[in-house]
Amino acid sequence: MSQNIQQILDEAAEGRRLTLDEARLLQREAGLHDLGFAAHRVRLRKHPQPIVTYVVDRNINYSNVCVCACRFCAYFRAPGHEDCFVLSFEAIGEKIAETIALGGTQILMQGGHHPDLPLSWYEDMLAYIKANYDIHVHAFSPPEIVHFAKISGLTTAQVIERLKAAGLDSIPGGGAEILVDNVRSKVSPNKCPSGQWLAVMEEAHAQGLRTTATMMFGHEETPEERLEHLFAVRESQDRTGGFTAFIPWTFQPDNTNIVARPLTSPEYLRMLALARLVLDNVDNVQVSWVTMGPKIAQLALYFGGNDFGSTMIEENVVRAAGVSFRLSQAEIDTLVRAAGFEPRQRRMDYRLVGQA
Ligand code: SF4
C-alpha cells in the first residue's frame with residue numbers, strides 16, 4: 001500500500017473528513033482489508049461498546065400496484081394485472097398483532113405508486129393502526145410522498161404534515177437507489193429525481209421525523225456515481241442531522257429488466273467500508289444479511305457495520321428478485337455473538353429496547 005493511502009486511511013479512522021478525490025483514490029487503489037480495518041476503527045470510535053443492534057419488525061407492503069415500472073423492480077404489478085392487491089386495514093392489523101406478539105416494536109410499510117388511492121386512504125390507514133396498536137410506524141419513502149403530493153395537489157411538506165398528524169413516526173430511506181439523475185433516468189425514469197428525494201427527507205427532518213438513507217448499487221451506475229451518492233447523503237446530513245443510519249445493499253437482478261452480474265462479496269464489503277469512511281456524520285451503518293446472506297453480514301461487522309438491520313418477519317421485495325435469506329431473532333443473536341459482539345434489540349432511533 002502506498003504511504004499516501006495509508007495516511008489517508010489513518011486520518012479518516014481518526015475522524016478527518018475525506019475529500020472526494022481521496023475517496024476516489026481509496027475506491028480505486030486501497031486494499032480490501034486496509035479499507036475494512038480503517039472502517040472498523042471508525043466504527044469503534046463511534047461505538048466503543050462491542051454491541052451490534054437490530055430492530056424486530058415486519059415489512060408490510062400495503063399494495064403492489066404501481067405506475068412507475070422501475071426497471072430493477074420485480075415486485076410491482078401494473079394497474080389491472082391479475083396479481084394486484086391492496087391490503088385491507090384489518091389484514092394490516094393482523095400482521096401488526098403478530099409482530100407485537102413476536103416482540104416487535106415497529107412496522108416498515110411501503111407500497112407502489114397506486115394511481116387511485118387518495119391521500120385520505122393513507123391517513124385512514126395510519127389512524128386505524130394508531131387507534132388499535134402500540135407500534136412505531138416507519139413508512140413510505142420520498143418517491144411515495146412525492147406521488148401522494150401529485151395525487152392530492154398538495155406540497156410534499158403538506159403531505160408530510162398530514163401523514164405525521166395521522167400517525168407516521170419516521171420515514172425509511174427507500175427509493176434512493178443511486179442519487180444521481182443520470183442513473184435514475186435510466187433505471188427508474190418515472191420516480192422523483194435525486195434533488196427531490198433529498199428535499200423530502202430534509203423536510204421530514206425539519207418537521208421532526210427521523211429517517212434513514214439507503215443505497216442500492218450494482219446495476220447501471222459507475223463507481224464514480226456511487227461516490228456521488230455518498231457525498232450527496234453526507235451533505236444532506238450536514239444540513240439537517242436527521243438520518244439515523246445508512247443502509248447500502250446490492251442490486252438483485254432476477255425477474256427484473258436489468259441484466260447485471262450480481263456483485264461479489266468483496267465488492268460489497270469494499271463499498272460498505274468506503275461508506276463508513278465517507279459518512280463521518282452518520283452514526284450507524286447497517287449490514288445487509290437480506291441480500292448478502294448471514295455469513296457475509298457477520299464479516300461486514302468488521303468492515304464498518306454496527307447494526308444487523310432488522311429481523312424482517314416478512315419481506316417481499318427482495319424475495320421477488322430471487323433472494324430469500326430468512327433469520328429469526330434467535331438466529332440473529334447467535335450470529336452476532338459468534339462474530340464477537342453482544343446483540344441488542346433497538347428501536348428506530350437506536351435507543352435500546354429496555355432502556356428509557
Ligand atoms: S421500486 Fe417502487 S416505485 Fe419502482 S416499480 Fe417498484 S414498487 Fe413501483
Side-chain angles (χ1 to χ4, degrees), residues 58-87 92 107-119 121-122 125 138-152 156 159 163 168 171-201 204 211-221 229 247-260 262 288 290-291 312 314-324:
R58 176 175 199 150
N59 282 14
I60 300 176
N61 298 108
Y62 56 83
S63 171
N64 64 349
V65 180
C66 191
V67 290
C68 262
C70 303
R71 287 176 51 232
F72 54 77
C73 183
Y75 175 74
F76 85 96
R77 293 291 178 270
H81 190 282
E82 59 180 1
D83 295 339
C84 284
F85 71 83
V86 176
L87 293 182
I92 292 171
I107 48 164
L108 188 159
M109 284 205 302
Q110 286 181 319
H113 296 192
H114 196 297
D116 302 322
L117 292 177
L119 181 61
W121 186 87
Y122 301 94
M125 175 175 69
H138 188 47
F140 312 122
S141 61
E144 283 168 277
I145 304 276
V146 169
H147 174 68
F148 301 160
K150 270 187 203 146
I151 55 174
S152 64
T156 51
V159 168
L163 294 174
L168 179 65
I171 299 178
E177 282 85 60
I178 293 289
L179 290 170
V180 175
D181 290 337
N182 182 42
V183 181
R184 299 177 82 74
S185 63
K186 286 188 284 186
V187 302
S188 53
N190 302 315
K191 234 174 189 176
C192 66
S194 54
Q196 209 168 15
W197 190 98
L198 291 162
V200 167
M201 285 311 200
T211 79
T212 56
T214 64
M215 174 168 79
M216 182 184 73
F217 62 104
H219 39 94
E220 297 189 349
E221 84 286 359
H229 179 103
I247 313 166
W249 69 76
T250 53
F251 168 62
Q252 305 302 316
D254 282 10
N255 306 319
T256 73
N257 286 322
I258 292 180
V259 178
S288 177
V290 178
T291 56
M312 294 202 193
E314 176 180 345
E315 199 290 320
N316 306 304
V317 176
V318 175
R319 192 142 47 102
V323 177
S324 55

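Ligands are counted one by one from 1 in listed order, and the atoms in each one are counted from 1 as well.
Counted by atom type alone, Gln196 and Ser194 present zero donor-acceptor pairs between their side chains at under 3.5 Å.
The shortest distance between side-chain heavy atoms of Thr256 and His219 does not fall below 4.5 Å.
At a 4.0 Å cut-off, not a single heavy atom of Ser188 sits close enough to ligand 1 to count as contact.
Between the side chain of His229 and the main chain of Thr214, a donor-acceptor pair closer than 3.5 Å is present.
Of all protein heavy atoms, the one closest to atom 2 (Fe) of ligand 1 is Lys191 NZ, 4.1 Å.
Classification of the Tyr62-Phe140 ring pair by plane angle, with boundaries at 30° and 60°, yields perpendicular.
Each of the following atoms of ligand 1 lies closer than 4.0 Å to a heavy atom of Cys66: 3 (S), 5 (S), 7 (S), 8 (Fe). Close contacts between ligand 1 and His113 involve ligand atoms 3 (S) [criterion: under 4.0 Å to a heavy atom]. Contact atoms of ligand 1 toward Cys70: 1 (S), 3 (S), 4 (Fe), 5 (S) (distance under 4.0 Å to a heavy atom of the residue). Annotation for ligand 1: atoms under 4.0 Å from non-hydrogen atoms of Phe72 are 1 (S). When each atom of ligand 1 is checked for a heavy atom of Phe76 under 4.0 Å away, the hits are 5 (S), 6 (Fe), 7 (S).
Residue Lys186 places its NZ atom among more than 12 non-hydrogen atoms of other residues, nucleotides or ligands, all under 6.0 Å distant.
Minimum interatomic distance between Val86 and Ser63 (heavy atoms only, all atoms of both residues): CG2-OG, 3.7 Å.
Here Cys73 reaches atom 6 (Fe) of ligand 1: one of its N/O/S atoms is less than 2.8 Å from the metal.
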